[in-house]
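The structure appears right after this line, and notes come after that.
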Amino acid sequence: MPSLKESTIAFIGGGNMASAIIKGLVVQNIEKQKIIVAEPWEVNRSKMDAIGVRTTTDNVAAGGDADIVIIAVKPQITKTVCQELAASWAQRSALPIVVSIAAGITMKSLREWVQTSDGRSAHIVRVMPNTPALVNEGASGLVASEDVTAQEKEVINELLGSVSKATEWVDREELLDVVTGLSGSGPAYFFAMVEHLVASATALGLSKEQATRLAAQTCLGAGKMLVESDEEPAQLRKNVTSPNGTTHAALQTFEALNFKEIVDKAVQSATARAEELGKTLG
């Protein structure tokens, strides 16, 4: 497989996540003319045109000859798109690597859908990114089909590294559902926490604008400490918590209200729903 800079990269779908990855690739000095986006909506194509990459409405024109094909369409149309592309790959001696960010579509389904008429199947990587990729602060979980090579993994690492600060490979596909429950859905958990912090502080007298700025920066600062510190989250929590102090009082309230159980059940619910969607959409 060619290196990332030598590869032709096709995006099937030009929505927000595809746009974020494309912008990240351009920042990495990937040649714009090596990137092509198949997108039916003119408004999205216009955004891609503004970046300077090639665009088309034809999936085969984009992905027929590409080295890397990124499936970034809604799960409900993934089957149709994959089968259309696979039909165009029948005459190729070397198949592309397929990277799917279509939520819930299993490896088994993808392998069947990208199989060519002579029985070959493209190498496949499933990715669960998250929305902070839109500001180049993403976290992505990945799982590869057994035939994906170490070199191909390196290329995909580099590709996702354009928008993800944490890129974690799992060795079993079911663990991607856990990644979904953790980091895929995780940004919403933090947004909800900040939403309620703001509401509480506002009720106690701060203006909504002040409370929002303070809560948002606290979330950002705490996240940066987690990323940059060598200490475990539990130790960082202890560092902030003086005996019988204000933080101790708040954490005791969390404990009394079964905060740990609430988080456990939330992550388990998201994980179970991801597994359920995979079965339904496949």
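Computed over heavy atoms, backbone and side chain alike; hydrogens, waters and symmetry mates excluded. The structure presented is a predicted model; accordingly, all values stated were derived computationally and were not measured.
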As a quick check of understanding, evaluate side chain to side chain donor-acceptor pair (under 3.5 Å) for Glu209 and Thr212, giving each step before the final call. CA-CA 5 Å; Glu209 293 75 18; Thr212 300; over 6 Å; no
Atom CD of Glu42: over 12 foreign heavy atoms under 6.0 Å: no
Is it the case that over 12 heavy atoms from other parts of the model lie below 6.0 angstrom from the CD atom of Gln91? no
Salt-bridge contact [X]-[Y] (side-chain N to carboxylate O under 4.0 Å):
X	Y	result
Glu137	Lys165	yes
Asp147	Arg111	yes
Glu173	Arg126	yes

So, applying side chain to side chain contact (heavy atoms under 4.5 Å, CB included) with Trp113, which one of Thr80, Ile105, Val81, Ile124 is it? Ile105
Using the salt bridge (Lys or Arg N to Asp or Glu O under 4.0 Å) criterion, which residues pair with Lys108? Sequence neighbours excluded. Glu112
Given side chains that start at C-beta, do those of [X] and [Y] come closer than 4.5 Å, heavy atoms only?
X	Y	value
Ile101	Met128	no
Thr116	Ser121	no
Thr56	Val37	no
Leu251	Arg237	yes
Ile12	Ile70	no
Lys153	Val148	yes

Report the C-alpha separation of Lys279 and Glu276 in whole Å, then their side-chain angles, then the decisive distance to 0.1 Å, and conclude whether the salt bridge (charged side-chain N to carboxylate O under 4.0 Å, His left out) test is met. CA-CA 5 Å; Lys279 292 177 180 177; Glu276 181 184 356; over 6 Å; no
Side chains of Ser164 and Thr167: is there a donor and an acceptor less than 3.5 Å apart? no
I'd like to know if the side chain of Asn130 pairs up with that of Ser183 as donor and acceptor (distance under 3.5 Å, no hydrogens or angles considered). no
Applying salt bridge (charged side-chain N to carboxylate O under 4.0 Å, His left out) as the test, list every pair that has at least one member in residues 238-264; sequence neighbours left out. Lys260-Asp264, Glu261-Lys265
If a pair satisfies ring pair (Phe, Tyr, Trp, His ring centres under 6.0 Å) and one of its residues is in residues 226-259, list it, with sequence neighbours excluded. Phe254-Phe259
